[in-house]
Amino acid sequence: MGSNSSRIGDLPKNEYLKKLSGTESVSENDPFWNQLLSFSFPAPTSSNELKLLEEATISVCRSLVVNNPRTGNLGALIKVFLSRTKELKLSAECQNHLFIWQTHNALFIICCLLKVFICEMSEEELQLHFTYEEKSPGSYSSDSEDLLEELLCCLMQLITDIPLLDITYEISVEAVSTMVVFLSCQLFHKEVLRQSISHKYLMQGRCLPYTSKLVKTLLYNFIRQEKPPPPGAHVLPQQSDGGGLLYGLASGVATGLWTVFTLGGVGSKAAASPELSSPLANQSLLLLLVLANLTDAADAPNPYRQAIMSFKNTQDSSPFPSSIPHTFQINFNSLYTALCEQQTSDQATLLLYTLLHQNSNVRTYMLARTDMENLVLPILEILYHVEERNSHHVYMALIILLILTEDDGFNRSIHEVILKNISWYSERVLTEISLGSLLILVVIRTIQYNMTRTRDKYLHTNCLAALANMSAQFRSLHQYAAQRIISLFSLLSKKHNKVLEQATQSLRGSLSANDVPLPDYAQDLNVIEEVIRMMLEIINSCLTNSLHHNPNLVYALLYKRDLFEQFRTHPSFQDIMQNIDLVITFFSSRLLQAGAELSVERVLEIIKQGAVALPKDRLKKFPELKFKYVEEEQPEEFFIPYVWSLVYNSAVGLYWNPQDIQLFTMDSD
């Protein structure tokens with residue numbers, strides 16, 4: 001490195017890096033550091049170049065691993081960075097480009113080195129490397145044992161206190177990235193880490209007071225979606241000593257030259273990532289999710305999760321409960337707008353789920369919004385394009401709907417919101433439809449996709465639970481939505497008959513002398529009958545609670561009345577079929593009295609008149625259908641690998657060799 005431009009391939013031979021990682025100790029006051037930190041080279045623009053940078057860093061880093069116990073150069077570099085950060089705020093105010101640029105370069109080198117150190121050694125060994133100084137081999141000073149903690153605190157201060165300007169954008173991104181790297185030891189363990197040195201530093205001691213301020217800053221970084229400075233904003237004048245152009249490279253985010261690249265994700269399809277408009281917002285959100293999903297310490301809960309669970313709206317003037325630590329206030333309107341706009345990414349959907357599930361203040365605020373379509377439509381679009389999304393993204397979107405449908409006010413209001421021309425819904429032109437009817441259509445489509453492709457019982461259950469929660473509040477269902485409800489029941493009915501026939505043939509075959517093991521059709525039959533009963537309960541709930549509001553559903557029911565005949569006497573469905581059978585009989589009789597060859601309009605008119613005439617007490621009351629989302633035991637076993645897969649696939653300018661990853665299985669690049 002140094003003041004002259006370099007190519008990535010030349011880094012292992014770079015004289016300054018060789019000196020840093022060599023056998024000679026460099027004092028923190030040595031002019032060498034100014035030379036080392038005045039570097040530029042073309043920023044990587046592809047995953048191959050990122051790999052080249054990684055390989056170059058590894059060779060330097062391995063030399064430093066061997067020599068650092070004798071030289072203490074890692075500690076010296078960190079002290080140089082720490083001393084510079086004390087003047088960073090003033091430098092930003094004074095527009096001191098050169099000072100900020102060199103400080104940023106120091107952090108960039110530290111981040112690159114730490115990433116390899118963490119990959120190649122235990123946390124205990126890493127901690128020891130922070131204690132080495134220029135002494136006899138292997139010796140260390142007790143005075144410097146907290147250098148790691150001091151660096152973490154410094155990063156938190158940098159993220160929260162340095163004003164975000166064009167000249168500080170890059171170093172802000174690098175500080176967030178370095179914190180992600182600090183926590184990346186999880187990537188190299190198959191099991192979820194429940195005790196970690198980095199976790200301990202972040203959850204207690206000097207870092208703890210920064211908890212709420214850090215969470216608030218990361219949320220505001222996500223909300224604001226600040227774009228990087230324009231290309232060329234950091235090119236500085238040529239120095240009089242002939243040192244060449246001083247170019248603010250580091251992670252290269254300011255020049256827009258770093259690209260986001262995607263490898264496989266958690267064993268399922270990873271969505272292609274568009275070029276990020278705000279690397280700072282992206283990195284901040286990833287760090288926030290990592291912090292929120294750290295496991296609790298043995299003697300204290302995760303303070304970052306506590307902060308996320310308890311923050312309030314800036315409009316809320318009620319006092320903070322003394323029993324809730326790390327709370328703060330944030331503008332909920334801005335947060336809501338950002339969440340609505342960013343739902344194309346897994347990480348934004350995961351943040352929305354986290355807030356809805358864990359922060360009652362956010363949930364109450366969102367459910368009171370009169371523009372819920374802005375939030376619900378992006379979630380429905382995720383589910384609609386299920387084949388293009390990875391399974392985790394689909395699950396998060398579905399659970400968000402389930403949480404929303406737990407609220408009766410939401411279930412009523414979505415039928416009052418009328419939408420026009422839903423461009424992404426391609427099965428049928430929907431010129432005008434309520435948000436509630438569209439939600440039903442998309443959930444039913446997801447069920448049908450799952451029946452023919454993934455056959456995931458968990459997905460089925462959550463889809464049906466959301467429909468069940470809504471069913472008592474169905475209002476003015478669109479004719480297409482009503483048709484799709486009955487069409488889904490028709491599909492389930494055919495599947496039931498097919499499995500029943502296979503089970504019968506299987507029993508006959510078992511009487512032969514053939515010892516070939518038979519499929520468990522009884523279990524398949526049990527599952528399909530559970531789903532059929534759920535669908536019957538959903539239809540029954542709508543008829544019992546809002547018959548007069550849904551003539552289109554009654555019409556679809558009458559049109560396909562033969563479907564229900566086989567279930568009238570079935571022991572599993574007899575009770576729930578009573579009301580459906582009564583409605584079919586009652587309205588069929590009224591249509592018969594009206595004569596033959598009735599138009600659709602006339603049939604609907606008769607249905608509306610009949611709905612008023614049908615005595616409500618003739619319909620048997622069943623317990624209200626209500627399903628509540630309950631997080632599984634040990635949710636960290638799901639969420640921690642998921643979050644780190646997002647970091648792996650989405651972090652700007654960070655690359656990990658897939659062969660080193662232990663936490664989840666990676667597809668080859």
Side-chain angles (χ1 to χ4, degrees), residues 225 260 262 269-278 281 333 336-353 356 366 369-402 404-405 410-454 459 462-463 466-467 470 474-488 552-553 556:
Q225 295 289 317
V260 179
T262 303
K269 188 172 182 179
S273 298
E275 186 176 343
L276 292 170
S277 60
S278 176
N333 182 59
Y336 180 81
T337 302
L339 286 166
C340 292
E341 292 174 351
Q342 299 299 321
Q343 285 307 305
T344 52
S345 74
D346 279 70
Q347 47 266 42
T349 305
L350 181 53
L351 176 64
L352 175 58
Y353 158 80
L356 276 174
M366 288 188 176
R369 294 282 304 205
T370 56
D371 60 348
M372 277 298 288
E373 67 273 17
N374 291 337
L375 187 68
V376 175
L377 281 171
I379 298 300
L380 294 183
E381 195 168 353
I382 293 168
L383 292 175
Y384 186 79
H385 296 295
V386 57
E387 66 279 355
E388 299 171 15
R389 305 289 181 182
N390 69 68
S391 60
H392 289 1
H393 199 183
V394 172
Y395 283 140
M396 288 299 101
L398 192 52
I399 292 168
I400 286 166
L401 287 186
L402 181 55
L404 293 173
T405 61
F410 171 83
N411 294 333
R412 283 191 296 272
S413 65
I414 55 175
H415 293 287
E416 297 166 3
V417 177
I418 304 302
L419 308 168
K420 296 186 185 240
N421 301 316
I422 309 301
S423 58
W424 47 262
Y425 194 94
S426 59
E427 270 90 343
R428 179 167 173 150
V429 177
L430 300 174
T431 53
E432 188 172 285
I433 189 170
S434 72
L435 179 60
S437 289
L438 181 64
L439 197 159
I440 291 165
L441 283 174
V442 173
V443 171
I444 287 175
R445 185 180 183 275
T446 306
I447 293 172
Q448 291 181 322
Y449 176 86
N450 186 51
M451 285 176 66
T452 57
R453 306 281 184 87
T454 55
L459 192 143
N462 284 285
C463 284
L467 289 176
M470 296 166 59
F474 283 172
R475 294 288 187 277
S476 305
L477 290 185
H478 191 280
Q479 62 180 25
Y480 186 51
Q483 289 170 19
R484 298 310 296 164
I485 291 172
I486 305 304
S487 294
L488 176 58
N552 284 327
L553 182 63

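- Smallest separation of non-hydrogen atoms from Leu398 and Cys463: CD2-SG, 3.6 Å.
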Could you please spell out the steps behind the side chain to side chain contact (heavy atoms under 4.5 Å, CB included) verdict for Tyr480 and Ile433?
CA-CA 9 Å; Tyr480 186 51; Ile433 189 170; 5.9 Å; no
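- Exactly one residue among Leu441, Leu477, Leu467 makes a side-chain contact (heavy atoms from CB on, under 4.5 Å) with Ile485. That residue is Leu477.
- Using modelled atom types, one finds a donor on one side chain and an acceptor on the other under 3.5 Å when comparing Asn333 with Arg369.
- Using a 4.5 Å cut-off on side-chain heavy atoms (C-beta onward), Ile400 and Leu404 make contact.
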Can you list the steps and then say if Leu401 with Val442 is a side chain to side chain contact (heavy atoms under 4.5 Å, CB included)?
CA-CA 11 Å; Leu401 287 186; Val442 173; over 6 Å; no
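- Leu380 places none of its side-chain heavy atoms less than 4.5 Å from the side chain of Tyr425.
- Note that the CD atom of Gln225 and the OG atom of Ser277 stand 5.5 Å from one another [nearest 0.5 Å].
- Note that CG of Leu356 is 9.5 Å distant from CG of Leu351, once rounded to the nearest 0.5 Å.
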Go through Glu416 and Arg475 one step at a time and tell me if the side chain to side chain contact (heavy atoms under 4.5 Å, CB included) criterion holds.
CA-CA 8 Å; Glu416 297 166 3; Arg475 294 288 187 277; over 6 Å; no
Check the pair Met451 / Leu488 against side chain to side chain contact (heavy atoms under 4.5 Å, CB included), numbers first and verdict last.
CA-CA 10 Å; Met451 285 176 66; Leu488 176 58; 4.1 Å; yes
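- Within the model, atoms CD1 of Ile422 and CD of Glu381 stand 9.5 Å from one another, a figure rounded to the nearest 0.5 Å.
- Atoms CE and CD1, from Met396 and Ile382 in turn, are 11.0 Å apart once rounded to the nearest 0.5 Å.
- With a 4.5 Å cut-off on side-chain heavy atoms, Pro378 and Thr344 do not count as touching.
- The two residues Ala556 and Ile486 come nearest to each other via the heavy atoms CB-CG1, 3.6 Å.
- Side-chain atoms of Thr349 and His393 form a donor-acceptor pair, as typed in the model, at a separation below 3.5 Å.
- Counting heavy atoms from C-beta on, the side chains of Met372 and Val417 never come closer than 4.5 Å.
- Counting heavy atoms from C-beta outward, Asn552 and His478 have side chains that stay 4.5 Å or more apart.
- Contact detail for Ala348 and Leu339: the closest heavy-atom pair is O-CD2, 4.0 Å.
- The closest side-chain heavy-atom distance from Val443 to Met470 is not below 4.5 Å.
- Separating the CD1 atom in Ile418 from the CG atom in Leu438 is a distance of 11.0 Å, to the nearest 0.5 Å.
- Sorted by first and then second residue, the side chain to side chain donor-acceptor pair (under 3.5 Å) pairs involving residues 427-439 (not counting sequence neighbours) are Tyr384-Glu427, Lys420-Glu432, Glu427-Arg445, Ser434-Ser437.
- Once rounded to the nearest 0.5 Å, the distance linking OG of Ser413 with CG of Leu435 reads 8.0 Å.
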